[in-house]
Amino acid sequence: MTRSRDLILILDFGSQYTQLIARRIRELGIFSLVEPYNISVSKIRELNPKGIVLSGGPNSVNFRKTLRPRKDIFNLKIPILGICYGMQLIAKEFGGSVVKSVKKEFGHSIFKINKKINLFNGCNNNFKQCSVWMSHADKVDKLPRGFIAVGSSTNSKIAAIYSSKMNIFGLQFHPEVTHTKIGKKILDNFSKICCCKKSWTASSISKSLIEKAKQDIVKEKVILALSGGVDSSVVAAILSKAIGKQLTCIFIDTGLLRKNEVNEVKKITKSLNIQLKIIDASRIFLLRLRGVSDPEKKRKIIGKCFIDTFNKAALKIKEVKFLAQGTIYPDVIESSSKNSKSDVIKSHHNVGGLPKNMKLKLVEPIRDLFKDEVRRIGKQLGLPNSLLERHPFPGPGLAVRILGEVNHIKVNILQEVDSIFLDELRVNGFYNKTDQALCVLIPQKSVGVMGDKRQYGFVVAIRAVNTTDFMTATSTPIPHKLLNNISSRIINEVNGVARVVYDITSKPPGTIEWE
Ligand code: XMP
């Protein structure tokens, strides 16, 4: 699908901002892909990009063992933009020198355009100073051959370089970070220099995804594990448009879902005219979780039980050839990146792509898309906002929000509490002001006085966080009055709860979930 579009290729040298570069370029309407820094030149030729960006990275180009791209990328005769480490690589490659900066620049810095070149069109008319985002310890000290300096910063005379002959640019600062006000304009100018057409729009993407799915699947049957979340629902919508009744969605009710989840899924699949098989497996999930309190063990048991249940259900559908999955681009980059984390803190199991022994071919229609793009496609395909704006919900569901052993009484209590919390957030316009809201059941009894009687009930914690990437998060400042209302509704309406607390821990050091 995507290969016929104008493409800007990003080579990843390990910067924390690499994904952001791709997102910013796509926001401009141009397709971009992140590939490892040492991708072969023949693979690049195959991808046929109109321009290349060399990302930043944590290394120094002066290290003997440092990350370098294949030499021939500079002979491809397409525009190249090096950012931070990327600029230093260009400087080294063409005989310039890079030295340790006496003063490092991290965070806001002042950049001055010294030469009007296309890359800076519309950024600054009078060579004024601009605020940019820097993150570097090295700087270019001597210009590379054939380059001129086109900008300077507080701590370096050579903060931007340009070769008109080769159409190669280097920037010491990060245009992809929103703190760099001129960043968007610069990336837009770069895409114009690369002669890219802006064809990466929601309607063109969905059309090509549907077309591609039709071509790949032809007349075969496909199964999809629908989780009720955004990604698998968008995959279902794409496939239903592409292959109609050849698609069967399987929804597994683990018994660890939110209240009304099953009905919501039924409603959506009905509106999209999708075949749905609901498997009520709550009894078996709870049975296998009996007596287990370790969070990682719970995750593993749920993951395995999910696969077993899904396999069993899938085997009943005859002659299936494809398994559809809602893999998205950040998962793909993360698993191929040189930064890919080897030691995971939690074994996150994502409900979805699982049964290895079924010998099915994979179909992953949204594997090239970022989350915001998935949402836009979903909107384009008619999925309701209530679904597209949903907060993420972990695969193991409420099992990791009930500390310790799980049973159906605790699940029922937590479902009620959670539903009141979300309801209050929605009614008071707070659901969209937070990125994830959840409740936790603490299996500790606390005393309360209800109707003149002392009663012991569980403690529940409510938590809402603001985050962009779920790697760091801060607690959402919910007004005290609203917190009070939520607390009294929970205590009054849910039997078995005696106390409500609000979790204000940031991540780090806390995590978003309690287990
Ligand atoms: P933590 O708790 O690690 O959560 O700060 C970060 C994000 O990951 C979600 N999460 C999970 N998702 N399976 C999932 O599919 C899991 O086991 C799991 N644990 C945490 C969490 O809800 C948050 O969005």
Side-chain angles (χ1 to χ4, degrees), residues 19 224-235 251-258 261 285 288-289 292-307 309-310 325-328 330-332 334-335 340-354 366 370-372 374-375 388-404 406 411 414-415 417-418 421-422 425 431-442 461-476 503-515:
Q19 278 200 34
L224 165 70
L226 200 62
S227 73
V230 179
D231 302 341
S232 62
S233 304
V234 170
V235 170
F251 180 81
I252 294 175
D253 180 359
T254 59
L256 304 163
L257 302 169
R258 291 192 138 131
E261 189 85 49
F285 275 84
R288 291 203 196 170
L289 285 169
V292 182
S293 354
D294 177 73
E296 281 303 270
K297 275 200 190 128
K298 289 200 261 182
R299 280 189 169 82
K300 297 245 154 69
I301 290 172
I302 293 166
K304 165 123 190 7
C305 193
F306 189 91
I307 296 175
T309 317
F310 185 77
Q325 284 192 350
T327 317
I328 64 171
D331 309 329
V332 177
E334 181 59 29
S335 57
S340 157
K341 293 178 197 69
S342 47
D343 48 336
V344 273
I345 296 168
K346 291 173 185 175
S347 59
H348 288 191
H349 109 85
N350 271 316
V351 171
L354 305 159
I366 55 172
F370 286 111
K371 193 83 182 186
D372 53 320
V374 175
R375 290 204 175 92
L388 298 172
E389 285 163 7
R390 276 168 68 133
H391 296 164
F393 186 69
L398 298 182
V400 287
R401 294 181 179 172
I402 292 169
L403 304 193
V406 179
V411 172
L414 192 57
Q415 279 177 334
V417 170
D418 180 73
F421 183 38
L422 294 192
L425 290 181
Y431 187 83
N432 287 337
K433 288 189 191 152
T434 178
D435 298 295
Q436 192 168 9
L438 56 116
C439 300
V440 179
L441 188 138
I442 304 157
I462 54 182
R463 179 152 173 73
V465 292
N466 290 109
T467 170
T468 44
D469 53 10
F470 297 87
M471 311 281 275
T472 60
T474 52
S475 147
T476 306
D503 178 4
I504 53 167
T505 322
S506 298
K507 174 182 180 176
T511 50
I512 294 174
E513 303 291 344
W514 274 40
E515 278 198 337

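Counting starts at 1 for both ligands and their atoms, following the listed order. Only a predicted model underlies this, so the values are computations on that prediction, with no experimental measurement involved. Because only heavy atoms are used, hydrogens play no part in the values below, and waters and symmetry mates are left out as well, while side chains stay in. Position 1 is the first residue of the sequence; numbering continues from there.
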Do ligand 1 and Arg299 have nitrogen or oxygen atoms that lie under 3.5 Å from each other? yes
Examine Gly395 against ligand 1 and note whether any of their N/O atoms are separated by less than 3.5 Å.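 Checking ligand 1 against Gly395, an N or O pair does fall under 3.5 Å apart.
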Minimum distance, heavy atoms only, to atom 23 (C) of ligand 1: which one of Lys298, Glu515, Gln436 is it?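 Selected option, by shortest heavy-atom distance: Gln436.
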Looking only at the side chains, is there a donor atom on one of Ser506 and Thr474 sitting less than 3.5 Å from an acceptor on the other? no
Check the side chains of Thr467 and Asp435 for a donor-acceptor pair under 3.5 angstrom, ignoring hydrogens and angles.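 Per modelled atom types, Asp435 and Thr467 side chains form no pair under 3.5 Å.
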Quick one, Phe421 and Arg463 - any side-chain contact, counting heavy atoms below 4.5 Å? no
Within ligand 1, which atoms have a heavy atom of [X] less than 4.0 Å away?
X: Lys507; answer: 1 (P), 3 (O), 5 (O), 6 (C)
X: Thr511; answer: 1 (P), 2 (O), 5 (O)
X: Pro396; answer: 13 (N), 16 (C), 17 (O)

Residues two or more places apart in sequence or in another chain: which of them pass side-chain hydrogen bond (donor to acceptor under 3.5 Å, both in side chains) with Thr505? Asp503
Can you give me the closest heavy-atom contact between Ser227 and Ser232, atom names plus distance?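 Between these two residues, the closest heavy atoms are N-OG, 3.0 Å.
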